[in-house]
Amino acid sequence: MLIGGGSQSAIVQDLYLAHQGWLQGWLRKKLGCAFEAADLMHDTFIRVLSGQDAGQIREPRAYLTTVAHGLMVNHLRRKELERAYLQALALLPEPETQGPETRALVLETLMEIDALLDGLPPKVRRAFLLSQLEGCTHAEIAADLGVSVSSVRQYLTRAVRQCLSLLL
């Protein structure tokens, strides 16, 4: 079904009115939380509003599901990253813990690093993180990943290129 004519915002409004309840229910089933589902449902429609010509959407539910799924995956990855960071903080002795502002800055930086490495194969991501965060040598990374040292060098080069291309 091709959405009718009109302005982009009017078309998205029609999409919202016709599908927001269904999409929020779909997200609630996936996430198990009505509040997160509502947030992601709204984020989905904001993405649709700022994206391609909504009038060209032929299958609204399939399109909305695709957009919402991508946002949900990013949301879940951020939550897992935050959980891992807070878990690591909990293991630190009391004098080494950080204030809320520092924790927020570190968490924001971790999210930015995660976004920079998004789309890289798992071994490339892991090699980069082991090198940068753990200070592992190329030989240690190769042993951890079960690959050659030259593969580790290639992985690190690829990760650095990815980061530079997104920063420039």
Side-chain angles (χ1 to χ4, degrees), residues 23-24 26-54 57 61-168:
L23 182 60
Q24 188 169 346
W26 182 82
L27 286 164
R28 189 174 44 250
K29 286 178 191 169
K30 297 285 186 185
L31 296 167
C33 176
F35 298 113
E36 288 179 354
D39 286 346
L40 284 177
M41 184 268 303
H42 284 106
D43 290 348
T44 299
F45 283 101
I46 289 170
R47 178 76 54 96
V48 172
L49 184 61
S50 63
Q52 73 171 31
D53 180 11
I57 299 171
R61 286 192 174 186
Y63 182 77
L64 292 171
T65 301
T66 300
V67 173
H69 183 265
L71 292 171
M72 181 177 60
V73 167
N74 288 339
H75 170 75
L76 293 173
R77 188 171 57 217
R78 282 191 306 272
K79 277 182 62 174
E80 176 59 24
L81 189 60
E82 182 176 6
R83 186 198 60 73
Y85 172 64
L86 292 174
Q87 198 172 37
L89 276 181
L91 298 175
L92 291 175
E94 188 64 34
E96 293 185 36
T97 59
Q98 305 154 343
E101 297 87 15
T102 303
R103 279 191 298 238
L105 283 172
V106 169
L107 191 56
E108 182 179 331
T109 302
L110 286 171
M111 299 295 180
E112 289 174 7
I113 292 169
D114 184 58
L116 287 173
L117 300 177
D118 188 38
L120 289 174
K123 283 187 177 184
V124 176
R125 285 174 62 105
R126 179 139 176 84
F128 183 79
L129 293 173
L130 286 171
S131 170
Q132 299 302 308
L133 299 180
E134 301 291 330
C136 294
T137 66
H138 291 185
E140 291 169 336
I141 296 168
D144 182 86
L145 297 177
V147 298
S148 67
V149 172
S150 64
S151 291
V152 170
R153 286 188 189 109
Q154 290 173 3
Y155 293 165
L156 294 176
T157 300
R158 184 173 176 185
V160 169
R161 281 188 183 143
Q162 168 98 357
C163 291
L164 288 175
S165 71
L166 293 173
L167 291 173
L168 298 178

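All values below come from the heavy atoms of this structure, side chains included, with hydrogens, waters and symmetry mates left out.
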For residues Leu117 and Ala159, report the shortest heavy-atom separation together with the two atoms involved. CD2-CB, 4.4 Å
Any Leu49 side-chain heavy atom under 4.5 Å of Phe45 side chain: no
Which distance, rounded to the nearest 0.5 Å, do you find between the CZ of Phe35 and the CG of Leu40? 14.0 Å
Could you check whether atom NE2 of His138 has more than 12 heavy atoms from other residues, nucleotides or ligands sitting under 6.0 Å from it? yes
Tell me whether the count of non-hydrogen atoms from other residues, nucleotides or ligands lying under 6.0 Å of NZ in Lys30 goes above 12. no
Give a yes or no on whether the backbone of Ala62 and the side-chain of Thr66 come within a donor-acceptor separation of less than 3.5 Å. yes
Can you confirm whether Arg158 sits close enough to Pro121 that some side-chain heavy atom of one is under 4.5 Å from a side-chain heavy atom of the other? yes
Distance from Leu23 atom CG to Met41 atom CE, nearest 0.5 Å? 7.0 Å
CD1 of Ile141 to OH of Tyr155, rounded to nearest 0.5 Å, is 11.5 Å
Is the backbone N or O of Asp118 less than 3.5 Å from a side-chain atom of Gln162, with the two atoms forming a donor-acceptor pair by type? yes
Separation between CG of Leu71 and OG1 of Thr44, rounded to the nearest 0.5 Å: 5.0 Å
Which atom pair, heavy atoms only, marks the closest approach of Val149 to Ala139? CG2-CA, 4.0 Å
Applying side-chain contact (heavy atoms from CB on, under 4.5 Å), run through Arg47 and Asp43 and close with a yes or a no. CA-CA 6 Å; Arg47 178 76 54 96; Asp43 290 348; over 6 Å; no
Over all atoms of both residues, closest heavy-atom pair of Ala34 and Gln24: O-NE2, 4.0 Å
Could you state the interatomic distance from CG (Leu129) to CZ (Arg125), rounded to the nearest 0.5 Å? 6.5 Å
Starting at CG of Asn74, measure out to NZ of Lys79 and round the result to the nearest 0.5 Å. 14.0 Å
side-chain contact (heavy atoms from CB on, under 4.5 Å) evaluation trace for Val48 with Ile57: CA-CA 10 Å; Val48 172; Ile57 299 171; 4.2 Å; yes
Heavy-atom closest contact (Gly135 atom, Glu140 atom, distance): O-OE1, 4.5 Å
